[in-house]
Amino acid sequence: MKKFISAASAMAMVASLVGSAIPFTTVAAEASKTLELRAFVDKDNKAVSTTISAADIAAGDVTIPVGVYFVEKVNDTKSIRASFGISTKDGDCSGVTFGGSDNVAYIPGYKYFNENRTVSVGGKDYSTNNIVAFAGSLSSTRNGDKFISTGTYTCSLDKKQDSQNWKNAWGSLVWAQPVQGGYTWTGEASDDFPGFVFDCTFPKGTPAGTYTIEFVNMVPDEKYPNVWSTMLESDEPGLRYTVDAGNLVCKNLTITIEGDSPATTTKTTTTTKPATTTTVNDGGSTQGDFIVKGSELKYVKGGENYMDFYVESNGHKGAMLAFELSDLPAGVTAEVDETSCLAFDHEPLWSLMNKTWSCQTMDPTTKDPLAFNDDNYVVSLIINADNAADGTYQIGFDRFHVVEQPHEKFGPIVEFDAKVIPGTLIVGDGGTQKPSESEPTTGGPTQDDFIVKGSELKYVKGGENYMDFYVESNGHKGAMLAFELSDLPAGITAEVDETSCLAFDHEPLWSLMNKTWSCQTMDPTTKDPLAFNDDNYVVSLILTVDDSVAAGTYEIGFSRFHVVEQPHEKFGPIVEFDAKVIPGKLIVGEPGGTTTTTKTTTTTTTKTTPIGTTTTTAPTPGKVLYGDTNCDGKVNIADVVVLNKWLNDNSAYAITAQGKINADCCDAAAGTPDENDSKAIIQSLVHLVTLDCKAADLK
C-alpha cells in the first residue's frame, strides 16, 4: 500500500520539485525580473496607507497587509525564493511582527476577505473572498467561485532569525512551478495579483521613524556561492536571477510612522548562514531489492567517527532521495555530512527541513535519473558517542525513500521505500546488542472511531452526478488530509471536485501529487487543527458512467484516507491515522441490477474501546437488538470492534450473554456469533443488508 509522508514532513513541504525536470521553454530568456513588496488591501478590500499617524499608533496596534509581487514578461520561472526582514534607521522595530501574533502568512486560495469581492479575469467577473495569487485560475463551482493556485507555495514568518543574526521580524518564502504543465498568470500580467500576502503589525506605541521591509540578498553559505537567499531559477538550464548578477531587481517597502523620532536608533545586520530548503516526497511500498546498509563503526573517542551507508541498487536509478534518522540511543548523536553523497559523480548535497533530509540526484543538466555507484556511500553520518555507555548499538533510518522516475510524461511514476539494514556502532567493549530501530514506518494505524462514508447516488445520464463523502469524526480534529481513490469499475470515471471541501468553514482546496490528493485543513491563521463539521461533505466526486456499463450497484471509495490530527511535536505527540472507509453506492440503471462490484477499503488493525466499558442504557433483558454487541442501545461501528476483539481472542475479551445474542444477527444460532455476523453489522451500517439476515444476503 502506498504510504503518505509523515505528519512533520507533510506540514513542511517546501518547493519539493525546485530543480526537478521541467519542460524547457523555447522563448529567449529575459534580461531581468523583479520582486517587489507592496501594500495590499485590508480584509474589507480597502486600500491601506504606508503612513501611520501618531494618533493611530498611540491608540493601538496598526497592521499593514503586505503583498510579495513578481514581475516578469515571460512565464518561464521555475522557482522563486526570497528572504526579507524589517529594519529601521531612526525607530525601534523590535516589537514588529510579520503575520500577526501567530506569525502565519495567508495562503493563496484561502479565505481572506470578510465579504466576497468581484475579481475580473479573462473577461469574466468572479465573486470570491479568496486570496487570488499571481499563478492559477478562477472557476465557478456549485459552492461559489474559487481560486485554484498553481505550483507549490510555502512561507515561514518569525519574530526573528537568529541563524541570520537578524533580531527583528523575518520571513522567507518559496514558490515552485509544477513538474508538469508549467503555469500561466492569473491576470493579464504577472503582477496583477501577489504571490504571497502577510501582515506587518506595529504594536501600540511604536516610535516614530522610517521602517523598511527589505529583501535580504546574501550567500547564506560560502560553500555554495551560487545559492542566494533571494533568487529566481529559470526553465533555461543554469539561468539564475540574482541581485549580484544584475538581472534581479528587488523593490523594498517603506512605512513611515509620524511623530517625534526617538533619540536612539536601531539597525539590524545580517550574517551568512543558510536558510535550508528541502525536498519532501510522497511514499511508496518498500522495495525489497533496493537495500540501504550501514557500515560497522568501532567508536574511537576523540577520533573521526564516520558511519557510511551504501546501497545495493539492483539496477534501480535515482532522481530524488529522502530519509529520516531513527531515534538514537542515549548518549549518541549523529550529524549528517550534507556535503557528501558519493554514490553519484556530481556529488549532490543533502538538505534538511524539520526531520527530513533530502537530495536531488538526477543529472544536473538533462534532469534524467542516474544509476547509483554502489561502491561509494550515499549517506555519511558523523557519530559522537562520548557520553554513551559501552555497548553495541544499531543506527539507521525510520525511512529511506527513493524517487526513481518522477515524470509521468516519460512513463509511470516510480517511487518506493528502500529496505534498511542499520549500521552497527560499537562503544567500548561492545556490551549488549541493542534492538534495531530501522524498520520503515508505514503511517498511522486505522482509527475505527473516525469514519469516512460515501453517499448513495442514482446515476442520471447527462445530469450532475455528485457522490459526496462525509465523516463521523467523533471528536477528532484535522490539520491535513490525504486520500487515494480505489480502482474504479470499467467504464466509470471519477473527478475530484478540488475546490470543494465543506467540512471546514474556510473550505480548503484539494491538490493532486501523483495519485494522492491532499488538503491542508488547519486554521489558515493560527495553524491549529480544526474540528470537522460532520454535516457537510469532506470530498465530492463527479462521476461519469459510460453507456457500456451494465445496470447494477457499484461501490466507489478510497484505498486509503489519511488524517493528520496533530502535526506539531512542540505541542505534543504527533497524531496521524487512517480513517475507516465505507464506500459510496453508485446505482446504474434500475436498482437490483445484475452487476455488483465491490472495491477495496482499508483493513489495518486499530485502536478500539475496551470491552466491558461501553455499556450504557442496556436493552430490556431478553429483548434482542440485532447488532448491539456492547449492549449500549444502538448499533454502530463500536459493536463491530467489540465483536472482532472477542472473535480474535474470547479468552481475553468478554461479551455479555445478551451481547452474544444481539451479535448473532446473521443466520442466528442461539447466541454463537461468528465472522459473518461482523460482516453483517458492517453492511447494515451502509444499508446493504437488514439485520437479522442470512449469509447469502451478504455482499
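The figures that follow rest on heavy atoms only: side chains count, while hydrogens, waters and symmetry mates do not.
- In this structure a side-chain-to-backbone donor-acceptor pair under 3.5 Å is missing from Asp191 to Phe70.
- Residue Leu157 holds its CG atom at 7.5 Å from OG of Ser172, rounded to the nearest 0.5 Å.
- Under a 3.5 Å cut-off, the side chain of Asn465 and the backbone N or O of Thr544 do not form any donor-acceptor pair.
- Nearest heavy-atom pair, Ile556 versus Leu543, reported as atom, atom and distance to 0.1 Å: CG1-CD1, 4.4 Å.
- Judged by distance alone, with hydrogens and angles left aside, the side-chain atoms of Thr521 form a donor-acceptor pair with the main-chain N or O of Gly478 at under 3.5 Å.
- Between Pro65 and Tyr112 there is a side-chain heavy-atom pair separated by less than 4.5 Å.
- Side chain of Gln520 to backbone of Met480: no donor-acceptor contact under 3.5 angstrom is found.
- Residues Lys204 and Asp61 come closest through the heavy atom pair N-OD1, 2.7 Å.
- The SG atom of Cys93 sits 8.0 Å away from atom CZ of Phe202, with the distance rounded to the nearest 0.5 Å.
- In this structure, the side chains of Tyr69 and Phe40 come closer than 4.5 Å at one or more pairs of heavy atoms.
- Distance check, rounded to the nearest 0.5 Å: OH of Tyr466 to CD of Glu495 gives 8.5 Å.
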Practice problem: Start with the C-alpha distance between Asn533 and Leu502, add both sets of side-chain angles, then the distance that settles side-chain contact (heavy atoms from CB on, under 4.5 Å), and finish with yes or no. | Solution: CA-CA 8 Å; Asn533 179 349; Leu502 302 189; over 6 Å; no
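- Applying the side chain to side chain donor-acceptor pair (under 3.5 Å) test to Asn129 and every residue at least two apart in sequence or in another chain returns nothing.
- Looking at Ser326 and Asp398, their side chains do bring a donor and an acceptor atom within 3.5 Å of each other.
- Residues Phe397 and Leu325 form a side-chain contact, since some pair of their non-hydrogen atoms from C-beta on lies under 4.5 Å apart.
- Using a distance-only test at 3.5 Å, with no hydrogens or angles considered, a donor-acceptor pair links the side chain of Gln177 to the main chain of Thr77.
- Every side chain to side chain donor-acceptor pair (under 3.5 Å) that Ser540 has, sequence neighbours left out, goes to Arg142, Asp468.
- Judged by distance alone, with hydrogens and angles left aside, the side-chain atoms of Thr186 form a donor-acceptor pair with the main-chain N or O of Ala133 at under 3.5 Å.
- When the shell of 6.0 Å around NZ of Lys477 is examined, it contains 12 or fewer heavy atoms from other residues, nucleotides or ligands.
- In this structure, Phe400 has its ring center at least 6.0 angstrom away from the ring center of Trp357.
- Other residues, nucleotides and ligands contribute over 12 non-hydrogen atoms within 6.0 Å of the CG atom of Asn114.
- Trp175 and Ala135 get closest at one heavy-atom pair: CZ2-CB, 4.4 Å.
- For the atom pair CD1 (Ile255) and OG1 (Thr50), the distance works out to 7.0 Å, reported to the nearest 0.5 Å.
- Contact detail for Glu565 and His476: the closest heavy-atom pair is OE1-ND1, 2.9 Å.
- The existence of a salt bridge linking Asp639 and Lys634 is excluded, since no basic side-chain nitrogen approaches an acidic carboxylate oxygen closer than 4.0 Å.
- Under a 3.5 Å cut-off, the side chain of His562 and the backbone N or O of Phe577 do form a donor-acceptor pair.
- Taking every heavy atom of both residues into account, Phe198 and Leu37 meet most closely at CE2-CD2, 4.4 Å.
- When atom types are taken as modelled, the side chain of Ser83 and the backbone of Val216 share no donor-acceptor pair closer than 3.5 angstrom.
- Partner of Thr118 under the side chain to side chain contact (heavy atoms under 4.5 Å, CB included) criterion, out of Asp125, Thr128, Asp145, Asn45: Asp125 alone.
- Here the side chains of Phe134 and Pro194 are not in contact, with every heavy-atom distance at 4.5 Å or above.
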Exercise. Show your working on side-chain contact (heavy atoms from CB on, under 4.5 Å) between Val563 and Phe561 and close with a plain yes or no.
Key: CA-CA 7 Å; Val563 180; Phe561 194 102; 4.1 Å; yes
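- No donor-acceptor pair closer than 3.5 Å links the side chain of Asp158 to the backbone N or O of Lys160.
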Practice problem: Run the numbers on Phe558 and Phe469 for ring pair (Phe, Tyr, Trp, His ring centres under 6.0 Å), then give the verdict. | Solution: CA-CA 10 Å; Phe558 309 119; Phe469 289 78; 4.6 Å; yes
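- In this structure, Phe483 and Trp510 have side chains that are in contact, with non-hydrogen atoms separated by less than 4.5 Å.
- In this structure, CD1 on Ile451 lies 7.5 Å from NZ on Lys580, to the nearest 0.5 angstrom.
- Proximity of a side-chain donor or acceptor of Asp199 to a complementary backbone N or O of Thr201 within less than 3.5 Å is not detected.
- Between Ile64 and Ala39, the closest heavy-atom pair is CG2-CB, 4.4 Å.
- Ion pair Asp417/Arg399 flagged as a salt bridge, since at least one NZ, NE, NH1 or NH2 atom sits closer than 4.0 Å to an Asp/Glu carboxylate oxygen.
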Quiz item: Should Val197 and Val66 be marked as a side-chain contact (heavy atoms from CB on, under 4.5 Å) after you check the CA-CA gap, both sets of side-chain angles, and the distance that decides it?
Solution: CA-CA 6 Å; Val197 175; Val66 179; over 6 Å; no
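- In this structure the side chain of Leu173 reaches within 4.5 angstrom of the side chain of Val68, judged on heavy atoms.
- The side-chain heavy atoms of Val564 and Leu481, taken from C-beta on, include no pair separated by under 4.5 Å.
- Looking at Ile86 and Phe98, their side chains come closer than 4.5 Å, going by heavy atoms from C-beta outward.
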Practice problem: Apply ring pair (Phe, Tyr, Trp, His ring centres under 6.0 Å) to the pair Phe532 and Phe450, showing each step before the final yes or no. | Solution: CA-CA 11 Å; Phe532 290 81; Phe450 189 103; 5.2 Å; yes
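- For the atom pair Ile492 CD1 and Leu541 CG, the distance stands at 12.0 Å (nearest 0.5 Å).
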Exercise. Apply side-chain contact (heavy atoms from CB on, under 4.5 Å) to Leu509 and Cys519, showing your working.
Key: CA-CA 6 Å; Leu509 305 178; Cys519 183; 5.9 Å; no
